[in-house]
There are 2 protein chains.
Amino acid sequence: MPNVDVFSALSNPVRRDILMQLRMGPRAVNDLAQGFDLGRPAVSEHLQVLRKARLVREEPRGRERYYHLDPRPLSEVDDWLKAFTHYWKQRLAALEDVLDEEARK
Amino acid sequence: MPNVDVFSALSNPVRRDILMQLRMGPRAVNDLAQGFDLGRPAVSEHLQVLRKARLVREEPRGRERYYHLDPRPLSEVDDWLKAFTHYWKQRLAALEDVLDEEARK
DNA sequence: TCAATACGTCGGAAATATCCGACGCGTCAA
DNA sequence: TTGACGCGTCGGATATTTCCGACGTATTGA
């Protein structure tokens, strides 16, 4: 059971959609599968990937399993993106320097 | 030439690494390929994916091609993540309500 | 002009992802 | 207890990804 990379987990639109849906609250598998043009096994396998990426947590309720969102691993993506925010800030700062230089002429 | 999904483009660690490297400035293909345990064609194909996702731009200089970072499409990922930031704020607000309720007893 | 260099892309191999039907296991309700 | 339900997972089919060697094209420098 290899831990799945968060970026890989997000690469599939169905899985991103599932996460979006789970924001509203926990959902059972059949309930989730209704919203997609997919069979239940496929949804179940997408949930397995999300589970291995620790993006969802399962809570058994009788014969159903409610899946809960756990957004914490998303911080890895957010942190990665920050590296490019900083890049932009640097670029902007450099641009300002150039503009200041021009203004001083 | 189908436009590549940004999330898919980011799903590969080599492509993420390439983007990281390009923050420092434009790089030629051979130069980039040195840093990876990969042949040049593989790196070139990764660059093609990044190009289709509009995350890089190419600038021919003689027989070399310098690849530049274009971080703008990353905003799509950032916006997507924001949906979960808001989710968290809602959850925290709900939690505070519960705590206030408890405190009032 | 000619050999070397930098690069993109193609054909094909290998790995991986995605999906379904079928099956089995536990749970529910009669 | 028994039949229906909710679910996970397996086997296998198909699609996609990833990678390489080989080739063609354009550019460079001798």
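Letters A, B, ... are given to chains in the order of the sequence lines, protein chains preceding strands, and every chain is numbered from 1. Keep in mind that this is a model prediction, so the values were computed, not measured.
Side-chain nitrogen and oxygen atoms of B/Gln48 include none within less than 4.0 Å of the OP1 or OP2 phosphate oxygen of C/dG8. Phosphate proximity of C/dG8 to B/Ser44: present, with a side-chain N or O under 4.0 Å from OP1 or OP2.
Among pairs with a residue in residues 28-39 of chain B, those fulfilling side-chain hydrogen bond (donor to acceptor under 3.5 Å, both in side chains) read B/Arg27-B/Asp31, at least two apart in sequence or across chains.
The nearest whole Å value for the distance from the CG atom in A/Leu47 to the C1' atom in D/dC7 is 11 Å. Following rounding to the nearest Å, A/Asp5 (CG) and C/dT16 (P) show an atom-to-atom distance of 14 Å. In this entry the distance linking CG of B/Leu50 with C1' of D/dT17 reads 14 Å, nearest Å. As a whole-Å value, the separation of A/Glu59 CD from D/dG8 P is 13 Å. Separating the CD atom of A/Glu58 from the C1' atom of D/dT9 is a distance of 13 Å, rounded to the nearest angstrom. Between B/Tyr66 atom OH and C/dT5 atom C1' there is a gap of 13 Å when expressed in whole angstrom units.
Evaluation of the ring-ring contact (aromatic ring centres under 6.0 Å, His included) rule for B/Tyr66 yields no partner, not counting sequence neighbours. A search for salt bridge (charged side-chain N to carboxylate O under 4.0 Å, His left out) contacts involving B/Asp78 returns B/Lys82, not counting sequence neighbours. The salt bridge (charged side-chain N to carboxylate O under 4.0 Å, His left out) search around A/Glu64 returns none, not counting sequence neighbours. Taking the salt bridge (charged side-chain N to carboxylate O under 4.0 Å, His left out) definition, one finds that B/Arg15 meets it with nothing, sequence neighbours left out. Among residues two or more places apart in sequence or in another chain, the salt bridge (charged side-chain N to carboxylate O under 4.0 Å, His left out) test is passed with A/Arg72 by A/Asp70. Taking the side chain to side chain contact (heavy atoms under 4.5 Å, CB included) definition, one finds that B/Pro13 meets it with B/Arg16, sequence neighbours left out. For B/Arg54, the side chain to side chain contact (heavy atoms under 4.5 Å, CB included) criterion is met by B/Asn3, B/Pro73, not counting sequence neighbours. Under the side chain to side chain contact (heavy atoms under 4.5 Å, CB included) criterion, A/Ala83 pairs with B/Met20, B/Arg23, not counting sequence neighbours.
Taken residue by residue, residues 25-36 of chain A places heavy atoms nearer than 4.0 Å to DNA chain D at A/Ala28, A/Val29, A/Asn30.
Contact annotation for A/Tyr67: backbone-only contact, meaning every heavy-atom pair under 4.0 Å involves sugar-phosphate atoms and none involves a base.
Between A/Leu10 and A/Leu55 there is a side-chain heavy-atom pair separated by less than 4.5 Å. Taking 4.5 Å as the limit, some side-chain heavy atom of B/Trp80 sits within range of a side-chain heavy atom of A/Leu74.
Within the helix from C/dT1-D/dA30 to C/dA30-D/dT1, the inter-axis angle between the opening and closing five-pair segments is 20°, rounded to 10°.
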Where protein sits on nucleotides 18-28 of chain D, one letter per nucleotide: B base, S sugar-phosphate only, - none, heavy atoms under 4.0 Å: SBBBB----BB
